[in-house]
Every structure is written in structure tokens, then in C-alpha cells.
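Below, all heavy atoms of this structure are taken into account, side chains as well, without hydrogens, waters or symmetry copies. Residues take their numbers from the sequence shown, with the count starting at 1. Predicted model only: the values in this text are computed from it and were never measured.
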Amino acid sequence: ARLSPEASRRRLDMLADRLKSHGRRRDYDCIVGLSGGVDSSYVAYLAHELGLRALCVHLDNGWDSELSVENIRHIVEKLGYDLHTHVINWPEFKDLQRAFLQASVIDIELITDQAIKGLTRKLARKTGIKYILTGSNINTEHGMPPEWLWYKDDLRNLKAIHRRFGTVPLKTFPTYGITTRLLDECAGRVRVVRLLDMANYRKSEAMQILKQNLDWRYYGGKHHESTFTKFYQAYILPAKFNVDKRRVHYSSLIRNGEISREEALREVQAPPYEPDQRDSDRTYVLKKLGYSEAEFEAIMATPPRPHSDFPSMAPLLWLLKPARALQLRLTMGRQHR
């Protein structure tokens, strides 16, 4: 259920007071992971509206679009925020992406999600900044079928796939596994806050605010601020796995009252890629990953394999899901009091 504007503002103000109190003797009240996409950009905007001193953190994994880079620049300049950019070791990251592609598992984006979690949590522990504000939210991201993704904290699965198909040692790649997560949560040393869930988040309204106030520009699709993510979602997933994530994304917008079912059906009928852009992105992605056309076609023709074909922490992660949900509810309750 949506909160009333008054209840939403009250919860946001109470959260801001808590973060400011913890950050009183520090340079920053919180960390904001910033990709240049609408969700994370709006989190930065809200943090500024709440008077929070945020350190914006960006993971450059080699796939930033020019538009996302411009969005990030405008955001930090106009909001007066400091930006910490971590440029990932490209040979390691490239080798991981190639390993996942050759493994034929579905959640290739697990690699980037691992790196973002590892980077922001390590920085939080190092600086003593307790709170990380994330753009993850129920309103526009909820409802993905479990077969379409994998546990983002399954470091064992990532390493197993890399051992099987990778060739470059992972010496600097920022990882985040279940042991570190449990230490963070149980010790209370890092708290992740889903700010948008407190803000009656509407994507269409957020985009207008960002355009008007921060010279932000849209990039054409959910998570398309990354060239690889765009190619993965608009080409690899439909062509190899018969998965069209737009169905879930539009379903979320329907539930959030932003578009009608009829509008969503019309959008889904359109091809996920303009042919010229698809061909251009394909050429770019293959060259950057070091694949010939024949090698990439062989990967696309290989039958999909479940992540569970490789060693995994899935049983433990599955068992911890109820405890994780309870911990989040308790955390949100403390923040709202």
C-alpha cells in the first residue's frame, strides 16, 4: 500500500535524522551507489533534498554509456556531492564475463552486482559510513521469476564458474559473499536502506524531476545506461534464454499506476532493439570481449545451463531468506521510529 504524502515525509525525515546523527563526526552521512540510471540518480536527488551529506560511489566496469557518464557528472556537480569512481580491472572483469557466457548461465549481471556490493560495503567499513542508500525498490523492480536470475551473494557460484572457464586470476575484483554479508548485518556495521520504498516512488515523476533539476537524460530502457546490460537484456536474454525482462518491468509500472495494461502490451509488441542499434552494439560488445562472430554464435547456440550445475551457496542462501526478510523489517522499523 502506498503511504500518504505526510507519512512518507515523516519516515524520510526520521531516517535523515538517524543518518545525520550517525554521521555527525564524519565527512559523510551515507553512501549512494550511482550508475547514472533513473533509480540511483533519484536516490541522490532525494538524499540532497533531505539535507544528507552523501558520498556518491560509481563502479566503472568498462561498459558505461556516454549518456550515463554525463548524467553522473551533472548529478554530482549540481548537488555538490563528492564522487568516488572505482575503475575495475578490465582483464579480470572481461575474463569473468567471458566465463559466464561460456558457462551458458542466465545471470551474467551477477558479476556487476557482486562488484557493486563488494565495493560499496568495503568502502563503508573502511570509512565508518554505516548507511548505504540503494535504488533497489519494490515499485519498479519486484516480481522477477526466480528462473531468470540467481542469488547475488553467491560468491561460491561466481568463483566456481570462473575456475571452470576463466583464465585470468581474480586479484582485485571486489567480491561480496554470504560470510561478509552476515558479519555486516549481525554486527550492524553496514546498513542498506531502500530509500525509494519510503518515498512513494514513481519512475515517470522521478524522471521529470531529474530532467528539470539536474539536466538528466533518459537512455531508453531499464538499466540501458550500461552498453553491455542493454545488449544482454535486449538481445542475449530473448535470443538464447527466451526471456523478455520488459514484461516484468512493465508489469511493475502497471502495479504502480504509471501505465495501463494496454500501453504495456503495445510496448512489449515492439522489438527490444532497433536493428541498426542492435548491430552496432553487437559489433562493439564482441570486439570488446574478444569474440569472433563464429565464437559468439557458438555460445548463443549452446543450450542454457542452470547456475546450480556449478558449486553454489544456494541452499544456505535459500534458508536465510526468511531471516533476511525479518532483519529488513526490523531495520525499517527502527529507522521509522
Side-chain angles (χ1 to χ4, degrees), residues 1-9 12 35-46 65 67-68 71 106-109 113 134-150 152 194-282 300 304:
R2 294 181 68 82
L3 300 169
S4 69
E6 295 77 17
S8 173
R9 187 69 207 191
L12 290 170
S35 70
V38 57
D39 297 342
S40 66
S41 299
Y42 194 62
V43 168
Y45 174 82
L46 281 179
S65 66
L67 194 52
S68 71
N71 282 342
I106 193 168
D107 199 349
I108 306 171
E109 290 291 80
D113 293 330
T134 174
S136 298
N137 68 95
I138 292 293
N139 286 359
T140 68
E141 295 185 328
H142 185 62
M144 199 70 66
E147 298 82 5
W148 291 11
L149 70 171
W150 192 248
K152 303 301 186 180
R194 294 163 59 119
L195 189 65
L196 301 183
D197 287 343
M198 303 182 190
N200 284 336
Y201 181 54
R202 294 175 66 88
K203 180 179 177 180
S204 54
E205 293 177 1
M207 288 171 63
Q208 287 302 315
I209 290 171
L210 293 172
K211 289 174 183 177
Q212 293 170 6
N213 294 279
L214 303 179
D215 292 335
W216 182 92
R217 290 192 295 158
Y218 189 46
Y219 36 83
K222 191 168 181 64
H223 299 312
H224 286 193
E225 66 270 24
S226 161
T227 303
F228 179 81
T229 302
K230 179 181 180 181
F231 185 70
Y232 164 70
Q233 290 192 166
Y235 182 77
I236 294 176
L237 282 180
K240 182 178 174 100
F241 298 95
N242 194 30
V243 165
D244 188 347
K245 282 192 172 182
R246 294 180 302 168
R247 293 183 176 276
V248 175
H249 298 155
Y250 287 131
S251 294
S252 297
L253 294 177
I254 293 171
R255 292 194 302 271
N256 207 32
E258 300 196 50
I259 62 173
S260 68
R261 184 173 184 273
E262 291 70 27
E263 289 173 311
L265 288 171
R266 284 197 299 271
E267 292 291 338
V268 170
Q269 293 304 313
Y273 243 137
E274 291 295 331
D276 290 345
Q277 186 64 56
R278 176 199 62 207
D279 294 343
S280 174
D281 287 350
R282 178 189 171 104
M300 293 297 291

Contact check, side chains of [X] and [Y], non-hydrogen atoms, under 4.5 Å:
| X | Y | value |
| --- | --- | --- |
| Ser252 | His249 | no |
| Leu210 | Val38 | yes |
| Ile138 | Leu196 | no |
| Thr134 | Val43 | no |
| Pro145 | Val248 | yes |
| Tyr250 | Glu263 | no |
| Met207 | Ile209 | no |

*CZ/Arg278: more than 12 non-hydrogen atoms of other groups inside 6.0 Å*: yes
*For atom CZ of Arg282, is the number of surrounding heavy atoms from other residues, nucleotides or ligands below 6.0 Å larger than 12?*
yes
*Using the side chain to side chain contact (heavy atoms under 4.5 Å, CB included) rule, take Asp215 and Asn71 through it: C-alpha gap first, then chi angles, then the decisive distance, then the call.*
CA-CA 8 Å; Asp215 292 335; Asn71 282 342; over 6 Å; no
Between [atom1] on residue [X] and [atom2] on residue [Y], distance to nearest 0.5 Å:
| X | Y | atom1 | atom2 | value |
| --- | --- | --- | --- | --- |
| Arg246 | Leu253 | CZ | CG | 13.0 Å |
| Leu12 | Met198 | CG | CE | 7.0 Å |
| Gln233 | Ile236 | CD | CD1 | 10.5 Å |
| Trp216 | Tyr42 | CH2 | OH | 12.5 Å |
| Asp107 | Met144 | CG | CE | 9.5 Å |
| Ile259 | Glu262 | CD1 | CD | 10.0 Å |

For the backbone of [Y] and the side chain of [X], can you confirm whether one donor and one acceptor N or O come within less than 3.5 Å of each other?
| X | Y | value |
| --- | --- | --- |
| Asn200 | Leu3 | yes |
| Asn137 | Gly135 | yes |
| Ser68 | Ser65 | yes |
| Glu258 | Ser204 | yes |
| Ser41 | Gly37 | yes |
| Asn256 | Asn139 | no |
| Ser280 | Asp276 | no |

*May I ask you to check whether Tyr273 and Tyr235 place their ring centres under 6.0 Å from each other?*
no
*Are the aromatic ring centres of Phe228 and Phe231 under 6.0 angstrom apart?*
no
*List the steps and the verdict of side chain to side chain contact (heavy atoms under 4.5 Å, CB included) for Ile106 and Val243.*
CA-CA 10 Å; Ile106 193 168; Val243 165; 4.1 Å; yes
*asked:* Between Glu205 and Gln208, does the side chain to side chain contact (heavy atoms under 4.5 Å, CB included) criterion hold? Intermediate values first, please.
replied: CA-CA 5 Å; Glu205 293 177 1; Gln208 287 302 315; 5.8 Å; no
*Do Lys203 and Asp39 meet the salt-bridge criterion of a basic N to acidic O distance under 4.0 Å?*
no
*asked:* Distance alone, cut at 3.5 Å: any donor-acceptor contact between the side chains of Ser40 and Ser35?
replied: yes
